[in-house]
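Since the structure comes first, as structure tokens, the remarks are kept for the end.
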Amino acid sequence: MSATPIATTRSSAGMPTGLLAVWWVIASEIVIFGGLLASYIMHRLAHDAWSAHAANTNTWIGAFNTLVLLSSSLAAVLGHKAAEEGDGAKAARQLWYTFAGGATFLVVKGFEWAMEISHGYTISANTFWSFYYTAAGLHATHVLAGIIIMAVVARKAARNVDLHHVELIGVYWHFVDVVWIFLFPLLYIAK
Amino acid sequence: MLEPLFQPFLIDWLVPSASTYADDIDFLWELIFWIVGAWFLATEGIFFWLIIKFAKKRSPKAQYITGELKSQKQYISYPHMAVLVFDILILVFAVKVWYDVKQDLPPAESTVRVIGQQWAWTFQNAGPDGKLDSADDITTMNELHVQLGTVYHYKLEALDVLHNFSVPVFRLKQDAIPGRVITGWFEPTLTGEYDVQCAEICGIGHGLMGARIHIETPEQHAAWMASHAPISLASATPDVSAEE
Amino acid sequence: MAEAVPAGSQDPHGGHGHHEQSFWSKYVFSTDHKMIAMQYMFTGMAMGMIGAFMAYAFRMQLAFPGMEVPLYGLVSPANYNSLVTNHGTIMIFWVAMPVLLAGFGNFLIPLMIGCDDMVFPRINRLSYQIFLLSAIVLLASFFVPGGAFGGAWTAYPPLSSEAQYSLTPMGSSFWVVAVALEFVAFLMGGINFVTTAMNSRAPGMKMYDIPIVVWMIVIASILFMASVGPLIAGAIMLFFDQNLGTAFYDPSRGGDPILWQHLFWFFGHPEVYVVLLPALGVTAEIIPVFARKKFFAYKTVLYTVFATGVLSFTVWAHHQFIAGIDPRMANIFTVTTLLISVPIAEMCFVYIATLWGGSITLSTPMLWALAFVAEFLIGGVTGIFLGASGADIYMHDTYFVLAHFHYTFYPIAIVGTFAGFTFWFPKMFGRMMDDRLGKIHFWGSIIPFNCIFIPLFVLGMAGQHRRIFDFNAYPDLALPWMQHTREFVTIALLVMLAFQLVFFYNVWKSLRKGEKASKNPWKSNTLEWTTESPPGHGNWAELPTVYRGPYEYSVPDREEDYWPQNQPS
Amino acid sequence: MSDAHESHHGNYWKIWAWLCALLVVSVAGPFLEIQAVTLITAFGIAVVKAYLVAVHFMHINVAKRYIVYLASTTLIFMLLFFAAVAPDVMQEDGSNWTKPAWIAEAQTPPTVHGGANPH
């Protein structure tokens, strides 16, 4: 495996390379979710009939999922602090709590969707449900990707290897949480 | 207040202008043509002149010019300002022409419904009583008959995919969107038979979706309306493999 | 899609010796930024040949309707639409972007800012592999039942979202998946470029010591990353419309076709600057070298590029003046479109002003670079006709538009690429190209190019619209002079394609028998000319330090007329 | 850094508590059945929560200035996109178009199934 290039070790922009790259990932993600949510909001304001469709989303499950993600964000930031102090084991444990939070979120989302589909609200039922599944689906895919990377980072952190990666996956995870913070009212509260 | 400053002739030389606003659009196009053409020739001229003047054999030693000093940058900032001024001039006329053609519709003396669908145009003429969707409407396929000197409003819609109702001689072009009935206007000023083209790709038959527009004098138009039953099919659309 | 293996470049042991790599790890699964640059460049050029073949096929149909086109066969309306659609798609996404943005970006950024590789070599390799997969998926769309997608490279729904209208059910989905994969590849590549350029500059290299091509490619990557997002969301929605029966763009079930147009063109216009800026950067590197003169107003160009970048997010609806958007919006977008022509005009003035006081040698790279400026001027100037909403009423979707964007895309994708390729060929392959063959190829490409697109301007003025496969169906367009013009244009295209063989012969000959290239054949200042040709793994034995800007040519009271960036005194 | 250990540590839990409280408020908002209140609790609180996460968890204020400029520029582009596209997508009848008859009845008002939740 070729050694990591010297280029990675430099920081002429005054920031560690990894963190700079993650912020660029977040910038391009803002624009992806921004485009999707802007389209949803426009359609939602244009079609009053959608509030009747939106009435069929389950606010309690949405609220619980929000609580789960917020708590996993807390665990992620505690993990980041532990990593800064060089305590790999503690950081790994916190990351596994975040992993558990993300996994719970996905499981709960799975049940929620199963229930809604059984009620006949499929993705092609009408355009509200199409946006609902597309937006929540894209977000869930990011949650899934996040927990997979988190597992990899946690296993390395347990051996005190690449502790700076803990911060990187933490910042990405907080972004995924912020997207859900906006998705929750848009899909569940606005009735 | 912003009438064409000169009589345009360039596009008119290629495509007759057969509607009241054709001249406005031609004038705007030509105003841009002369401004932009002059700038282009000047810039390209200076460019080639510099290449020849400062070729290696004529100037073996290059000068050291940073281009950061005010005295040097003026050669850039003056043309830069001039480009901005001309842009504003073009902008004023562009917005005026756009407003006249697309936003400020004169009162309609007659209405025609234009329906684009995958690969044919259906025109619903208002018929003698001048009111659309009345009993005496005349619906034709791929053949639009209009009367000279009458202000027409067209109600343009598409049934399946995007189409575009374009009459080059009128300088008229408007996309037809499924789910919207778009209103525009034209007033023919020249008799004759001209092309109508679909200007938005709409599938395999997009190239065959041509139609003809017949601009007739009031007498010819009245005769046409009288002789026509409500539904009539135009002559078969020209077949595809017309040999060279 | 076997990569053409550059036989000439052995891998002289770089600073830190390492085991002799196998063919696979050195050429196919390499993480060396130079090898990945070659992979991108050769895949881009291969796709360029496929795109050119499509142009040949449908131009023959236009010139001789209904004829059996040699090497292709009969061009039916469906074939014509998919050829035109995929010609546009390939030339922008699979030729201009890989060659200019990824090819030159990967090769030049580490070498020009003095570091040994990209910050994330493995992500860099993965981005090429996803790009290659996207190219394969797109080409596969020609062989699926129903044929390739034929709804124009802009893929406006409902034609692109309803299989019943496009009659290419699988072709449409393959097209969307290929374009989405290509976006993923360039998002990963873009992040690599921006982070490397920002963070791994050589010690001593201040902001204004960075060569302009690095600035341009970084800003192009930022423009791409900030604008592609909504279209990725749009592509997901389009894919669901095509396959899951959703109705994002189906008006009868609550969707809106105009939404896709906005999502597409919000990306579309910054995209044309994404491909323009690298070509501008390549030209900005070549002109000072062959004019032996400092680049005029470096800072002004930088601020102009920032202004153009920001403004490019405010102009997109000039593609949709008559496409059903609210007519009042058209006036706002006319203002912003005419406003953006000002910084671009300034950049052209600065490029021309650089020639003042120079000592110009017209070598092949210089000819290409000057031709870029000369041809792009026509492209830029004809944009004003289309940006002004009033004139666009008549001009929209005619051949005038087609000629306009070929006068911007051809200089970018072909002239800019050949300029960069002939200029950096010695550094990439360690051999010099034959200058005489280079000039023959240059004149053989530029003259026919103008013979193709100047007549198309005139056909556009005559009201001939795009994507119509046989103009005999329109009596006003089947006039003899028009048909003869189409034949003349097609013959000019054949001549231009023939001259490309001169280029391939020149490359093939130079790779094998070209004169060995020294470290700095053009006596240029930038850092890539301070290492061997071709640079080994890790680029330098020890990484350079930078002492001055990249354009210190003909500095008074110095006998050498160039002053490399890494020379202390 | 060790003395700030406890406060720094506790700080995160305090932020988390605030986030949970705001969540409860935003869920409770719609029960008052006042449209304006629901909007404020739903989206106003979302913005506050996003700010809390961005500043305290992502340390965006500690990061380099250009990171903030980067994130805010992308947001501004999204607002710009919304502003320019809304007149087209959001209107029932545009300034120069109306909805054709065949679309109106195609969008039959939705039949409300038995709600899956208390509302």
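A, B, ... follow the sequence lines: proteins, then strands. Residue 1 opens every chain. Since the structure is predicted, the reported quantities are computational estimates derived from the model, not experimental observations.
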Leu70(D) portion near chain A, given a 4.5 angstrom heavy-atom threshold:
side chain
Side chain, backbone, both or neither: which part of Ser28(A) has an atom under 4.5 Å from a heavy atom of chain D?
neither
Name the region of Val24(D), side chain, backbone, both or neither, that has any atom closer than 4.5 Å to a heavy atom of chain A.
neither
Measuring heavy-atom distances to chain A, does Met78(D) have an atom under 4.5 Å in its side chain, in its backbone, in both, or in neither?
side chain
On a heavy-atom basis, which atom in Pro30(D) and which in Ile189(A) lie closest, and how many Å separate them?
CG-CG2, 3.7 Å
Chain D shares the most heavy-atom pairs under 4.5 Å, among Val31(A), Val171(A), Ile26(A), Leu19(A), with Val31(A)
I'd like to know whether Met58(D) forms a side chain to side chain contact (heavy atoms under 4.5 Å, CB included) with Trp173(A), so could you lay out the CA-CA distance, the side-chain angles of the two residues, the decisive distance to 0.1 Å, and finally the verdict.
CA-CA 9 Å; Met58(D) 294 162 101; Trp173(A) 190 256; over 6 Å; no
Minimal heavy-atom distance between Ala38(A) and Phe81(D), with the atoms involved, is CB-CD2, 4.1 Å
Decide side chain to side chain contact (heavy atoms under 4.5 Å, CB included) for Leu67(A) and Cys20(D); before the verdict, give the C-alpha distance in whole Å, the side-chain angles of both, and the deciding distance to 0.1 Å.
CA-CA 7 Å; Leu67(A) 185 67; Cys20(D) 292; 3.5 Å; yes
Top contributor to chain A interface from Val47(D), Thr41(D), Ile45(D), Thr38(D) [non-hydrogen pairs under 4.5 Å]:
Val47(D)
Using 0.5 Å steps for rounding, measure from the CD1 atom of Ile15(D) to the CG atom of Leu70(A).
12.0 Å
d(Leu52(D) CG, Ser73(A) OG) to nearest 0.5 Å is 11.5 Å
Any heavy-atom pair between the side chains of Met42(A) and Asp88(D) that's under 4.5 Å?
no
Would you say CH2 of Trp96(A) has more than 12 non-hydrogen atoms from neighbouring residues, nucleotides or ligands within 6.0 angstrom?
yes
dist Leu45(A):CG -> Met90(D):CE (nearest 0.5 Å) comes out at 5.0 Å
Counting neighbours of CZ on Phe43(D) that are heavy atoms of other residues, nucleotides or ligands and sit closer than 6.0 Å, is the number greater than 12?
yes
Going by heavy atoms in the side chains, are Val77(A) and His59(D) under 4.5 Å from each other?
yes
Check each atom of Phe82(D) against the heavy atoms of chain A and say whether the ones under 4.5 Å are side chain, backbone, both or neither.
both
Closest non-hydrogen atoms of Ala13(A) and Tyr66(D), given as atom of the first, atom of the second and distance, are O-OH, 2.8 Å
Using only non-hydrogen atoms and a strict under-4.5 angstrom cutoff, which residues of residues 147-159 of chain A touch chain D?
none
d(Phe57(D) CZ, Leu74(A) CG) to nearest 0.5 Å is 5.0 Å
So if I take each residue of residues 100-107 of chain A and look for any heavy atom under 4.5 Å from a heavy atom in chain D, which residues do I end up with?
none
Short question: side chain of Tyr188(A), backbone of Val27(D) - any donor-acceptor pair under 3.5 Å?
no
Shortest non-hydrogen contact from Phe184(A) to Ser26(D)?
CE2-OG, 4.1 Å
Heavy atoms of Ala50(D) and Val178(A) approach each other most closely as CB-CG1, 4.0 Å
Please report the interatomic distance CG(Asn11(D)) to NZ(Lys81(A)), rounded to the nearest 0.5 Å.
10.5 Å
4.5 Å side-chain heavy-atom contact, Ile67(D) and Met15(A):
yes
